[in-house]
> 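Have a look at this one before I ask anything.
All values below come from the heavy atoms of this structure, side chains included, with hydrogens, waters and symmetry mates left out.
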Amino acid sequence: MKIWEKKTNFRFNKEIESFTSSKDSKIDLFLAPHDVMGTIAHVIMLKSIGLLNQKDFIILIQELRNIYVYEILKNNFKIDEGIEDIHSQIEFLLTNRLGEVGKKIHTGRSRNDQILVDLKLFVRTEIKEIVDMTYSFFDLLLKLSEQHQNILMPGYTHYQIAMPSSFGLWFAAYAESLIDDLLLMRTAYCIVNKNPLGSAAGYGSSLPLNRKMTTNLLGFKNLNYNVVYAQMGRGKMERIVSESISSLARTLSKMSQDICLYLSQNFNFISFPDHLTTGSSIMPHKKNPDVFEIIRAKCNRITSLPNEISLISSNLCSGYHRDFQIIKERFLPIFEEIKKCFFMFQYMLNHITVKKNILQDEKYQYLFSVEVVNKLVVEKGYSFREAYQKVGLDIQNGCFKPFTKSCYSHEGSIGNLCNTQIRNLMQDVLKEFDFDQLDQVIKRLIYSKIYFDEFSKNPIFV
């Protein structure tokens, strides 16, 4: 039976079941460890308010921990055919192994607040991994910036040769971009880090649930207090988180596009070893940047998700709707997608070769036209407009003489990258994430002995 069925001889239409739940069992495997964690916290709370006796409490906690450690962590867990979702599977396993006591875990809960808790616990964990990977990538970019800070390259506007740049400037630009991306993710993390458990189907419960206790047990920063709003957060949370991931994806996509251009023969600024590029089936000279083209495409697809979620959820009234199930199918996989992009990008950049003496090519002589203008201003007393017009006419008349020495010294320019300041900015952002809490949640819910204070009934972990 499904957990919402009322009679034993009921047979749900198979075509309807397939249409409404066909992907749930596969997608919900992402949520398995988090559903167990949320259930353990709920069981502890039920014991503290007297809705579970000591015997039932002990066997439920032990079996939930067994499922977590020996099945989920060891990849031996699956959702059986005919089981609707992860919540139903956990309850089925407990009931099958422990008897009627397994059904008590649903007391005071709805699948609506269960999925909200699962999603938030999942997203918190994934954000931590993404932030760690982002920082590792950031660190590599700054190291490459410092390694190649004196190697000049052309800068472009409108795809036209503009002014001198450097590889130090280019690598560090993307490093600083990641800081703003993580600022956005920090905001998303704050929105995620609120506890919806106890909101049930969106209208609370007549049972004396202790929502602050489950908030502390699960390491949430605070509650979603209003139970209606807790449910309204479904769809909103996914959209905000996907927007923060999309910001990272846009940074990776833009840099991928640069690399695809710079690797081409028309630019020829960088190269990669042969074993990291692909060839053509007909043109023997080709070295194609397939990795970066795929990263670009995957990241561009990720950036479409916030709009997709918005379109699905924007005209829904308050309360739960099955439309959210469609969001889950697209939302959960993007974390693995962005992590793979980071991994491959970092792997490739560890093997990048930067070309020297690029600007010796005659076609780049006009890169220094602004330097010549500035020299006239400083040394000859020209106004900028007069100097600009003179150099423009010299170029037009074919008598321009390039001045090829760059003298940039202000903050964030070729001669003063300010990478130390950029590192400090990143450290300030990282300090705002309280990831230490996540490890503490696993330690106390999975691996600690649990006692209850005789007077307060609060759990004590040893």
> Within 45° of the axis and under 6.0 Å from the centre of the six-membered ring of Y388, does NZ or CZ of R385 qualify?
yes

> When you check the gap from the basic side-chain N to the acidic O, do D28 and K328 get nearer than 4.0 Å?
yes

> Parallel, tilted or perpendicular, judged at 30° and 60°: which one describes the rings of F400 and Y366?
tilted

> I want to check something: taking the side chain as every heavy atom from C-beta on, are F272 and I259 in contact at a cut-off of under 4.5 Å?
yes

> Applying side-chain hydrogen bond (donor to acceptor under 3.5 Å, both in side chains), run through D113 and S199 and close with a yes or a no.
CA-CA 6 Å; D113 64 344; S199 61; 4.5 Å; no

> For S177 and A173, indicate whether the former's side chain and the latter's backbone hold a donor-acceptor pair under 3.5 Å.
no

> How far apart are the C-alpha atoms of M344 and F292, what are their side-chain angles, what is the distance that settles it, and do they pass the side-chain contact (heavy atoms from CB on, under 4.5 Å) test?
CA-CA 9 Å; M344 289 307 304; F292 295 103; over 6 Å; no

> Carefully, step by step, assess D139 and S136 under the rule side-chain hydrogen bond (donor to acceptor under 3.5 Å, both in side chains).
CA-CA 5 Å; D139 187 58; S136 179; over 6 Å; no

> Any luck finding a side-chain donor-acceptor pair between Q427 and Y135 under 3.5 Å?
yes

> Which is it for K339 and E336 under the salt bridge (charged side-chain N to carboxylate O under 4.0 Å, His left out) test, yes or no, and what are the steps along the way?
CA-CA 5 Å; K339 287 189 293 185; E336 193 63 29; 3.7 Å; yes

> For S448 versus F461, what's the shortest heavy-atom pair and its separation?
CB-CB, 4.0 Å

> Counting distance only, does the side-chain N/O of T134 pair as donor-acceptor with the main-chain N or O of I130 below 3.5 Å?
yes

> Does any part of the side chain of N416, heavy atoms only, come nearer than 4.5 Å to the side chain of S409, both counted from C-beta?
no

> Between the side chains of N268 and K355, does any donor sit under 3.5 Å from an acceptor?
yes

> Taking atom types as modelled and ignoring hydrogens, do the side chains of S383 and E386 form a donor-acceptor contact shorter than 3.5 angstrom?
yes

> For F122 together with F331, are the ring centres under 6.0 Å from each other?
no

> Do you know the tightest heavy-atom contact between V192 and F220?
O-CE2, 3.9 Å

> Are N195 and N222 close enough, and set up right, to give a side-chain contact (heavy atoms from CB on, under 4.5 Å), and what steps lead you there?
CA-CA 6 Å; N195 180 26; N222 215 325; over 6 Å; no

> Would you call the rings of Y262 and F269 parallel, tilted or perpendicular, taking 30° and 60° as the class edges?
tilted

> Any chance the rings of F267 and Y156 have centres within less than 6.0 Å?
yes

> Can you check side-chain contact (heavy atoms from CB on, under 4.5 Å) on F77 and I86, steps first, answer last?
CA-CA 11 Å; F77 183 86; I86 183 61; 3.5 Å; yes

> Between F30 and H34, does the ring centroid distance fall short of 6.0 Å?
no

> Determine, stepwise, if the pair Y68 / L445 fulfils side-chain contact (heavy atoms from CB on, under 4.5 Å).
CA-CA 11 Å; Y68 186 97; L445 294 184; over 6 Å; no

> Mind listing the closest non-hydrogen atom pair of I302 and A249 along with its distance?
CG2-CB, 4.0 Å

> Does some side-chain heavy atom of N458 sit less than 4.5 Å from a side-chain heavy atom of M213?
yes

> Would you say K236 and Y229 are linked by a side-chain donor-acceptor pair, where the criterion is simply a distance under 3.5 Å?
yes

> Determine the minimum heavy-atom distance between L184 and S247, stating which atoms define it.
CD2-CB, 3.8 Å

> Determine the minimum heavy-atom distance between R296 and C260, stating which atoms define it.
NH1-SG, 3.8 Å

> Within 45° of the six-membered ring axis of F433 and under 6.0 Å from that ring's centre, is NZ or CZ of R124 located there?
no

> Is a side-chain donor or acceptor of R186 paired with a backbone partner of E432 at a separation under 3.5 angstrom?
yes

> Mind checking whether H410 and Y408 have parallel, tilted or perpendicular rings, split at 30° and 60°?
perpendicular

> Looking only at the side chains, is there a donor atom on one of N150 and K356 sitting less than 3.5 Å from an acceptor on the other?
no

